[in-house]
Amino acid sequence: MISEYDACLKCTICEMHCPMLRVAPEFPGPKNGGPGLARLRAAGEVAELDHLDLCLGCRTCDTVCPSGIHPADLIAVPRREKVGRRGLSLRDWVLTHTYLVGPVAVRMPWLTNGVLANRPVRWAMEKVLRIDRHKPMPRYANHSFREWFARHESPWKDRPAPNGKVAYFHGCSVQYMEPHIGRHVVEVLEHNGFEVILPEQTCCGLPIIANGDLRGAAGNGRFNLRHLRAPAEAGIPIVVSSTSCSLTLKHDYQHVLHLDGADVVARQVYDISEFLLACHEQGLLRTDFRPTQERLPYHQPCHQRAQGIGLPAVTLLNLIPGVKAWNLDASCCGSSGTYGFKEEKYEVSMKVGEPLREALLAAGAPRAVSDCETCRWQMEYQAGIQAVHPVSVLWEAYGLGGA
């Protein structure tokens, strides 16, 4: 039997593009840490390589590999086996289960945000949990997105939407931290003739996968598939506004967690910008944008690049009269979900994100755009500028804020 890693040509293209090797030469790299180590492990010759845990999980190596190998998945195998034996550490459990804290946090955001910004508390968190005290924690909103949606009245409440239904997978950040982005997604879709439905859902599980707990992530995945399968089988598109969530629904449920029914759902999953651009190409997207003069540097999240869908957000933003949007092409932001919050990873994550920081400052624009929440948080922290979701720019250009 020929395994995936046997297709590795040792061409080093993955290493040329690896953002971690650029700043941490002690990292074994995707070639040696992925297919190389997999071969050794299969032969029973070696179990571990030093510094393998430095991998960001950005999946750039998966994207550029000419042989179709997924080195990032192979690199993660030792970590997953270790977590499978010992379970998640307390620190990693805390960082990956914000969706359990969220329902309480949005009830008293003043207390939660105050505690998480308190210096003595952050010092204690660093000493006890090894969560770096410098990196700002995301702030909780004063309501959840689903609470807003329950109060929202759709324009298609009493009549069929001309373009049909769309199911929205909002993810944890929209649900508890950025409900305004969920509102923008819903109102932009409704403006374009779609009725939005909200299937029951929980965390997609990517943070848990990235930290090695496949058993825990599979539970989340099975829950989501149970509620997404019906709209998928009915041919209803499932749109996602977090590129990490959309990659998980499209790829990880099938190829990492091997969940039944994942392929049925994956075929109907679209990144929100990918979906809106497809609507534009079919003549379904309204272009009644208000003209504005703005330069918008765009950062492509690694987890969107891994989906192989091009740069739909840049094309969409340039439909707005007077907007000049362009891709910064400045590699990984360095945050990589929970990675940049860990004390031992903080410094190296900042080094990885330095080219993006420099590109943002050189652009000289007061705000920038990215589809991923942790990329936006890192951009605001490291470059000190406002970072917004592309759908929020479209929402503004449609003039929906005054509606």
Side-chain angles (χ1 to χ4, degrees), residues 19 55-63 70 72-73 76 92 95-99 102 138 145 168-178 181-182 185 201-214 216-218 220-221 223-225 228 238-257 259 262 265-266 269-275 298-309 311-313 331-342 345 349 352-353 356 369-380 387-391:
C55 176
L56 285 159
C58 66
R59 312 197 197 192
T60 300
C61 48
D62 295 359
T63 307
H70 295 87
D73 286 344
D92 291 352
L95 287 176
T96 57
H97 287 74
T98 54
Y99 63 99
F145 165 68
Y168 177 33
F169 189 91
H170 47 71
C172 302
S173 64
V174 162
Q175 170 69 343
Y176 299 117
M177 299 159 189
E178 298 179 316
I181 293 177
V185 169
Q201 56 193 268
T202 186
C203 171
C204 69
L206 181 60
I208 313 175
I209 295 172
N211 282 277
D213 183 8
L214 297 193
N220 289 39
F223 181 93
N224 289 325
L225 291 176
L228 294 175
I238 301 167
V239 299
V240 188
S241 53
S242 166
T243 50
S244 297
C245 296
S246 53
L247 179 64
T248 306
L249 294 175
K250 285 180 177 180
H251 176 269
D252 289 2
Y253 284 2
Q254 292 184 78
H255 303 292
V256 177
L257 301 179
L259 300 177
V265 170
V269 173
Y270 298 87
D271 172 87
I272 181 65
S273 295
E274 175 189 20
F275 180 77
Y298 170 80
H299 168 63
Q300 184 181 31
C302 298
H303 289 168
Q304 194 227 40
R305 190 183 306 114
Q307 296 178 39
I309 57 176
L311 296 163
S331 188
C332 177
C333 74
S335 184
S336 193
T338 61
Y339 187 102
F341 291 92
K342 299 177 179 179
K345 306 286 178 57
S349 79
V352 171
L356 175 58
V369 185
S370 188
D371 317 73
C372 171
E373 58 274 11
T374 54
C375 290
R376 290 193 299 273
W377 299 337
Q378 183 75 353
M379 292 159 68
E380 292 188 339
V388 298
H389 194 288
V391 80

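Since the structure is predicted, the reported quantities are computational estimates derived from the model, not experimental observations.
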For S242 and E373, what are the C-alpha separation, side-chain angles and deciding distance, and is it a side chain to side chain donor-acceptor pair (under 3.5 Å)? CA-CA 7 Å; S242 166; E373 58 274 11; 3.1 Å; yes

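For the pair D73 and H251, the minimum side-chain heavy-atom distance is below 4.5 Å. The shortest side-chain heavy-atom distance between K342 and L95 falls under the 4.5 Å cut-off. Residues Q378 and V352 have side chains not in contact (no heavy-atom distance under 4.5 Å, counting atoms from C-beta outward). S335 is not listed as a side-chain neighbour of W377, based on a closest heavy-atom distance of 4.5 Å or more. Considering only heavy atoms from C-beta on, N224 comes within 4.5 Å of F169 through its side chain. By the 4.5 Å heavy-atom criterion applied to side chains, Q307 and K250 are counted as neighbours.
When all heavy atoms of R305 and S331 are compared, the pair lying nearest together is NH2-O, 4.3 Å. Here the shortest heavy-atom pairing between A266 and L249 reads CB-O, 3.6 Å. Shown here for V185 and S241, the closest heavy-atom pair between the two residues is CG2-CB, 3.9 Å. Nearest heavy atom pair, residue I272 against residue H389, reads CG2-CE1, 3.7 Å. Here the closest non-hydrogen pair linking V240 and C245 is CG1-CB, 3.5 Å. Among all heavy-atom pairs drawn from L56 and P19, the shortest one is CD1-CG, 3.8 Å.
In this view, S173 satisfies the side-chain hydrogen bond (donor to acceptor under 3.5 Å, both in side chains) rule with no residue, not counting sequence neighbours. Remark: H97 pairs with W93, Y99 by the ring-ring contact (aromatic ring centres under 6.0 Å, His included) rule, at least two apart or across chains. With sequence neighbours left out, Y298 forms a ring-ring contact (aromatic ring centres under 6.0 Å, His included) with no residue at all. Contacts of H303 classified as side-chain hydrogen bond (donor to acceptor under 3.5 Å, both in side chains), with partners at least two apart in sequence or in another chain: S244. Under the rule for a side-chain hydrogen bond (donor to acceptor under 3.5 Å, both in side chains), Q175 has no partner lying at least two apart in sequence or in another chain. Every residue two or more places apart in sequence or in another chain was checked for a side-chain hydrogen bond (donor to acceptor under 3.5 Å, both in side chains) with Y339, and none qualifies.
Donor-acceptor pairing under 3.5 Å is lacking for the side chains of D213 and T96.
Q304 pairs with exactly one of S246, S370, P312 by the side-chain contact (heavy atoms from CB on, under 4.5 Å) rule, that one being P312.
Here C372 contributes atom SG and M379 contributes atom CE; the two are 10.0 Å apart, rounded to the nearest 0.5 Å. Note that CG of D271 and CG of L247 are 10.5 Å apart. Values are rounded to the nearest 0.5 Å. Note that the CZ atom of R376 and the CD1 atom of I181 stand 4.0 Å from one another [nearest 0.5 Å]. Distance check: L206 CG to Y253 OH gives 9.0 Å after rounding to the nearest 0.5 Å. In this structure, OH in Y168 is found 8.5 Å from CD in Q201, a value given to the nearest 0.5 Å. How far OG1 of T338 is from CZ of F341: 8.5 Å, rounded to the nearest 0.5 Å.
When atom types are taken as modelled, the side chain of N220 and the backbone of C203 share a donor-acceptor pair closer than 3.5 angstrom.
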